[in-house]
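A short worksheet on the structure shown next.
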Amino acid sequence: MTIRPIVRYPDRRLASPARPVTAFDDGLRQLAQDLLDTMRAAPGIGITAPHIGVPLRVVVLELDAKDGPQTYVNPDITWASPEMIMHREGSVSMPGVNDEVQRHARVHISYQDLDGNVHTEESEGLRAVCHQHEIDQLDGLFWIQRLSRLKRERLVKKFEKMQRRPAK
C-alpha cells in the first residue's frame with residue numbers, strides 16, 4: 001500500500017494538461033494502485049495522476065464498494081447530453097471546500113484499460129459528473145474554474161483560511 005502526497009491547489013501542475021499514456025506496463029499498474037490507495041486515504045471517490053504530481057492521463061474512480069474501483073487510461077468524452085444537472089463537487093487537492101457545479105446529465109467516454117484495450121462507457125448522474133470532473137482535471141481545468149468568478153474567489157479565500165489554521 002503506497003499513499004502518495006497529494007498536490008494542493010493552487011499548484012500549477014493542476015493547470016497543466018496531462019500527457020497520454022503510451023506504456024501499458026507494471027509501472028502503470030503500480031501508478032493505478034497508488035492512486036487507489038491515495039484516494040481511499042484522502043478520502044475521495046475519484047483521483048487523477050496529476051493529483052499526485054504525475055502528468056499522465058489516468059483516472060481512478062470508486063463510487064461504491066459493490067462495483068469496486070475502475071481505472072480509466074487516456075479517457076475522453078465522445079458525447080455529452082444537452083440536459084444539464086447540478087452536483088456538489090470538491091477535490092482531494094482542495095479538501096474542505098465544495099460547491100454546486102453544472103454538468104451534462106449523461107456522457108459517453110472512450111478509454112483504455114491497464115492493458116491498453118479500448119473501451120466505451122455510457123454514464124449518467126454521479127458517474128457522469130465524475131467522468132467530466134476528472135477529465136477536466138486531465139485537461140488542466142480545475143473544478144472551481146467551472147464556477148462564477150465570485151464563487152471561485154470565495155472558495156479560494158475559504159481554502160486559504162483553512163490552510164492557515166494550525167493542525168489539531
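For the single chain, residues carry numbers from 1 onward in sequence order. Predicted model, so just to flag it, every value in this text is computed and none were measured.
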Original post:
What are the two closest heavy atoms between L138 and L56, and how far apart are they?
Top reply: CD2-O, 3.7 Å
Original post:
Looking only at heavy atoms, which two atoms of H51 and S93 are closest? And how far apart?
Top reply: CD2-OG, 3.0 Å
**OP:** For residues V21 and Q112, determine if any side-chain heavy atom of one lies less than 4.5 Å from a side-chain heavy atom of the other.
**Re:** no
Subject >> Verify same cluster id: I52, L28 (apolar side-chain graph, 4.5 Å) >> reply: yes
**OP:** Ignoring hydrogens and angles, tell me if any N or O in the side chain of D37 forms a donor-acceptor pair with the backbone of T2 under 3.5 Å.
**Re:** yes
Subject >> Spacing of E100 atom CD and R88 atom CZ [to the nearest 0.5 Å] >> reply: 4.5 Å
Original post:
Would you call D136 and R103 a salt bridge, using N to O less than 4.0 angstrom?
Top reply: yes
Original post:
Does the salt bridge (Lys or Arg N to Asp or Glu O under 4.0 Å) test come out yes or no for R149 and E153, once each step is laid out?
Top reply: CA-CA 6 Å; R149 189 175 60 103; E153 289 171 355; 3.3 Å; yes
Original post:
Could you state the interatomic distance from CG (L126) to CG (L63), rounded to the nearest 0.5 Å?
Top reply: 5.0 Å
**OP:** Please tell me if the side chains of D67 and R127 come closer than 4.5 Å, counting only heavy atoms from C-beta onward.
**Re:** yes
Subject >> Pairwise side-chain contact, R4 with L31, heavy-atom cut-off 4.5 Å (strictly under) >> reply: yes
Original post:
Could you state the interatomic distance from CD1 (I144) to CG (L155), rounded to the nearest 0.5 Å?
Top reply: 6.5 Å
Subject >> E134 and Y72 side chains, donor-acceptor separation under 3.5 Å >> reply: no
**OP:** Say whether, by atom type as modelled, one donor and one acceptor occur between the side chain of D139 and the main chain of L141 under 3.5 angstrom.
**Re:** no
Original post:
Counting only N and O atoms by type, is there a donor-acceptor contact under 3.5 Å from the side chain of Q132 to the main-chain atoms of H104?
Top reply: yes
Subject >> Q137 and H133, any side-chain heavy atoms less than 4.5 Å apart >> reply: no
Original post:
Within a strict 4.5 Å, meaning less than it, do heavy atoms of the R57 and D76 side chains meet?
Top reply: yes
**OP:** Decide yes or no on side chain to side chain contact (heavy atoms under 4.5 Å, CB included) for I85 and E124, but give the supporting numbers first.
**Re:** CA-CA 10 Å; I85 58 174; E124 63 183 352; over 6 Å; no
Subject >> F142 and S91: CA distance, side-chain angles, deciding distance, side chain to side chain contact (heavy atoms under 4.5 Å, CB included) verdict >> reply: CA-CA 9 Å; F142 197 64; S91 174; 3.6 Å; yes
Original post:
What is the ring orientation for H119 with Y111, classed by angle as parallel under 30°, tilted 30 to 60°, or perpendicular over 60°?
Top reply: parallel
Original post:
Any side-chain heavy-atom pair from L35 and T38 closer than 4.5 angstrom?
Top reply: no
Original post:
Of all heavy-atom pairs between R152 and L147, which one has the smallest distance, and what is that distance?
Top reply: NH1-O, 2.9 Å
Subject >> Distance (rounded to the nearest 0.5 Å) between Q163 CD and R165 CZ >> reply: 9.5 Å
Subject >> Closest non-hydrogen atom pair between V97 and W143, with its separation >> reply: O-CZ2, 4.0 Å
Subject >> Nearest non-hydrogen partners of N74 and P20, listed with the distance >> reply: OD1-CA, 3.2 Å
Original post:
Same cluster or not: are F24 and L36 linked, directly or through other Ile, Leu, Val, Met, Phe, Trp or Tyr residues, by side-chain heavy atoms under 4.5 angstrom apart?
Top reply: yes
Original post:
Is there side-chain contact between V101 and H87, with at least one heavy-atom pair below 4.5 Å?
Top reply: no
**OP:** Please confirm whether the backbone N or O of R29 pairs with a side-chain atom of Q33, one donor and one acceptor, at under 3.5 Å?
**Re:** no
Original post:
How long is the gap from NZ on K151 to CZ on R146, to the nearest 0.5 Å?
Top reply: 14.5 Å
Original post:
Do V54 and L14 share a hydrophobic cluster (ILVMFWY, side-chain heavy atoms under 4.5 Å, transitive)?
Top reply: no
Original post:
Can you name the nearest heavy-atom pair linking I6 to A42, along with the distance?
Top reply: CD1-CB, 4.0 Å
Original post:
Taking 4.0 angstrom as the limit, do E122 and R106 come out as a salt bridge?
Top reply: no
**OP:** Check whether any side-chain heavy atom of E89 lies under 4.5 Å from a side-chain heavy atom of V129, and answer yes or no.
**Re:** yes
**OP:** Verify side chain to side chain donor-acceptor pair (under 3.5 Å) between D26 and Q30, making sure each step is shown before the conclusion.
**Re:** CA-CA 6 Å; D26 288 341; Q30 185 60 56; over 6 Å; no
Original post:
Should I3 and V59 be counted in the same cluster of Ile, Leu, Val, Met, Phe, Trp and Tyr side chains packed under 4.5 Å apart?
Top reply: no
**OP:** Could you grab the distance from atom CD1 of I45 to atom CD of E62, nearest 0.5 Å is fine?
**Re:** 10.0 Å
Original post:
Between the side chain of D25 and the main-chain N/O of G27, is any donor-acceptor distance below 3.5 Å?
Top reply: yes
**OP:** Decide whether V58 and V7 are clustered together by the hydrophobic rule: side chain heavy atoms of Ile, Leu, Val, Met, Phe, Trp, Tyr closer than 4.5 Å, transitively.
**Re:** no
